[in-house]
Chemist: 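I have a structure here, written as structure tokens, and I will follow up with some questions on it.
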2 protein chains.
Amino acid sequence: MKELLLADVPFRFDGRLWLEGPTDRFMGVGRLQLLEHIAVLGSISQAAKAMQMSYKRAWDLVASMNAQVRTPLVQTQTGGKRGGGASLTPAGQQVVAEFQALQARFQAFLAAETARLNG
Amino acid sequence: MKELLLADVPFRFDGRLWLEGPTDRFMGVGRLQLLEHIAVLGSISQAAKAMQMSYKRAWDLVASMNAQVRTPLVQTQTGGKRGGGASLTPAGQQVVAEFQALQARFQAFLAAETARLNG
DNA sequence: GGTCGTTATATTTGTCCGGATATAACCCTG
DNA sequence: CAGGGTTATATCCGGACAAATATAACGACC
């Protein structure tokens with residue numbers, strides 16, 4: 001590509017990758033961030049607020065993920081201390097760790113391609 | 001990941017990558033396919049029909065791509081033989097070739113990650 | 001037992017993108 | 001000079017998806 005074809009302003013590669021289940025999506029960047037926030041904040045509603053995401057959407061995503069695995073990624077508690085809460089199960093923590101690593105490898109791929117583009 | 005966490009049905013990786021310009025997207029899989037169809041069929045409307053894409057959308061995409069480069073990727077002719085037509089410029093052919101190669105490398109990356117997932 | 005913040009869920013509202021539609025301009029061909 | 005198929009462009013309309021809203025249930029804690 002390069003100078004001949006494109007404008008002076010640099011073009012940037014970008015991309016997304018995700019894990020697709022049999023029915024709907026299982027894991028992606030948005031879902032990953034949601035899990036990370038839940039792990040830190042201990043609540044679906046707090047996580048949603050921190051991401052300026054509607055609670056409904058956040059809850060739907062959690063339900064979707066939990067429905068696709070044997071052991072849920074997020075366990076919830078209604079009522080009780082502080083009114084309730086949510087936290088990651090060991091399975092959830094493992095999924096987060098693995099997908100974070102995958103994202104890192106993908107970023108490296110993207111960086112390599114960007115270098116090839118500009119080189 | 002693997003057997004412990006996920007259902008029996010295999011999950012599969014999927015992803016997209018694209019080239020982002022300063023204002024809007026410059027190149028992606030959809031735009032690539034559109035260019036390929038234009039190259040073969042010699043017409044924007046024919047290409048759109050072959051992809052079951054509305055002519056409006058196809059034309060918008062072509063205009064977007066042409067607006068972001070010095071020399072257009074697609075040259076068009078209104079009126080004339082067969083009422084007009086469209087074809088790829090050398091610049092357009094080069095972009096198609098390069099992005100096809102990129103897509104191939106990306107598919108390889110995806111395959112490697114899928115192997116790691118199932119391995 | 002009242003309070004509180006959360007999960008859980010349904011329903012309504014709103015917004016945005018794409019498709020459909022319409023029409024003009026173009027120019028080779030017969 | 002009329003016809004035909006395409007590019008070029010504006011406008012209207014609907015459906016999908018997200019957000020907002022509403023409400024019930026829950027259970028520890030004071």
Side-chain angles (χ1 to χ4, degrees), chain A residues 16 18 20-21 23-26 28-69 71-89 92, chain B residues 16 18 20-21 23-26 28-69 71-89 92:
Chain A
R16 289 283 166 88
W18 60 89
E20 193 78 19
T23 71
D24 54 354
R25 181 168 301 186
F26 172 64
V29 276
R31 289 161 188 253
L32 175 65
Q33 287 182 6
L34 179 60
L35 292 183
E36 291 170 345
H37 278 89
I38 289 175
V40 171
L41 300 174
S43 153
I44 296 179
S45 72
Q46 298 274 324
K49 181 177 300 180
M51 301 175 67
Q52 17 232 45
M53 174 187 293
S54 73
Y55 173 76
K56 169 180 167 53
R57 174 155 180 74
W59 188 88
D60 282 344
L61 290 176
V62 169
S64 166
M65 289 185 280
N66 277 344
Q68 295 184 68
V69 290
T71 66
L73 307 186
V74 176
Q75 63 183 2
T76 62
Q77 180 196 359
T78 78
K81 183 185 305 181
R82 288 179 55 240
S87 60
L88 293 194
T89 65
Chain B
R16 289 284 166 87
W18 59 88
E20 193 77 20
T23 70
D24 53 356
R25 182 169 300 186
F26 173 63
V29 275
R31 290 161 188 252
L32 175 65
Q33 286 182 7
L34 178 60
L35 292 182
E36 291 170 345
H37 277 88
I38 290 174
V40 170
L41 299 174
S43 153
I44 295 179
S45 72
Q46 299 273 325
K49 181 178 300 181
M51 301 176 67
Q52 18 232 41
M53 173 187 293
S54 72
Y55 174 75
K56 168 182 165 56
R57 172 155 180 75
W59 188 87
D60 282 344
L61 290 177
V62 169
S64 165
M65 289 185 280
N66 277 345
Q68 294 185 67
V69 290
T71 65
L73 306 187
V74 176
Q75 63 184 2
T76 62
Q77 180 197 0
T78 78
K81 185 185 305 182
R82 289 179 53 239
S87 60
L88 294 194
T89 64

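Chain naming here is simple, since letters A, B, ... match the order of the sequence lines and numbering starts at 1 in each.
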Chemist: Atom NZ of B/Lys49 and atom P of D/dG5: how far apart are they, to the nearest Å?
Modeler: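 In whole Å, D/dG5 P lies 10 Å from B/Lys49 NZ.
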Chemist: If I take atom CD in residue B/Gln75 and atom P in nucleotide C/dC26, what distance separates them, rounded to the nearest angstrom?
Modeler: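 Spelled out: CD on B/Gln75 to P on C/dC26 is 19 Å.
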Chemist: Between the side chains of A/Gln75 and A/Asn66, does any donor sit under 3.5 Å from an acceptor?
Modeler: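 No.
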Chemist: D/dA28 P sits how many Å from A/Lys81 NZ, rounded?
Modeler: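 In whole Å, D/dA28 P lies 10 Å from A/Lys81 NZ.
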Chemist: Go through the structure and list residues passing side-chain hydrogen bond (donor to acceptor under 3.5 Å, both in side chains) with B/Arg31, not counting sequence neighbours.
Modeler: B/Ser64
Chemist: Starting from P on D/dT6, measure out to CD1 on B/Ile38 and report it in whole angstrom.
Modeler: 13 Å
Chemist: Of all residues at least two apart in sequence or in a different chain, which pass the side-chain hydrogen bond (donor to acceptor under 3.5 Å, both in side chains) check with A/Trp18?
Modeler: A/Glu20
Chemist: Would one find a side-chain N or O of A/Ser43 under 4.0 angstrom from OP1 or OP2 of C/dT7?
Modeler: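 Answer is yes, contact under 4.0 Å.
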Chemist: With sequence neighbours left out, write down each residue that passes side chain to side chain contact (heavy atoms under 4.5 Å, CB included) with B/Ala47, or none if nothing qualifies.
Modeler: B/Leu34, B/His37, B/Ile38
Chemist: Can you check the B/Leu41 CG to D/dT6 C1' distance for me, whole Å?
Modeler: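 Those two atoms, CG and C1', are 14 Å apart.
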Chemist: What residues form a side-chain hydrogen bond (donor to acceptor under 3.5 Å, both in side chains) with A/Lys56, not counting sequence neighbours?
Modeler: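 If we apply the side-chain hydrogen bond (donor to acceptor under 3.5 Å, both in side chains) test to A/Lys56, skipping adjacent residues, the hits are A/Asp60.
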Chemist: Do nucleotides 8-21 of chain D as a string where each nucleotide becomes B, S or -: B if the base has a protein heavy atom under 4.0 Å, S if just the sugar-phosphate does, - if no protein is that close.
Modeler: BS--------SSB-
Chemist: Considering residues at least two apart in sequence or located in another chain, which fulfil the side-chain hydrogen bond (donor to acceptor under 3.5 Å, both in side chains) criterion with B/Gln33?
Modeler: none
Chemist: Is A/Ser45 close enough to C/dT7 that one of its side-chain N or O atoms is under 4.0 Å from OP1 or OP2 there?
Modeler: yes
Chemist: Would you mind reading off the distance between A/Leu61 atom CG and C/dT7 atom C1', rounded to a whole angstrom?
Modeler: 15 Å
Chemist: Check every strand shown and say whether B/Gly80 touches a base, only sugar-phosphate, or nothing at a heavy-atom separation below 4.0 Å.
Modeler: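 The answer is base, as B/Gly80 lies within the cut-off (heavy atoms under 4.0 Å) of a base atom.
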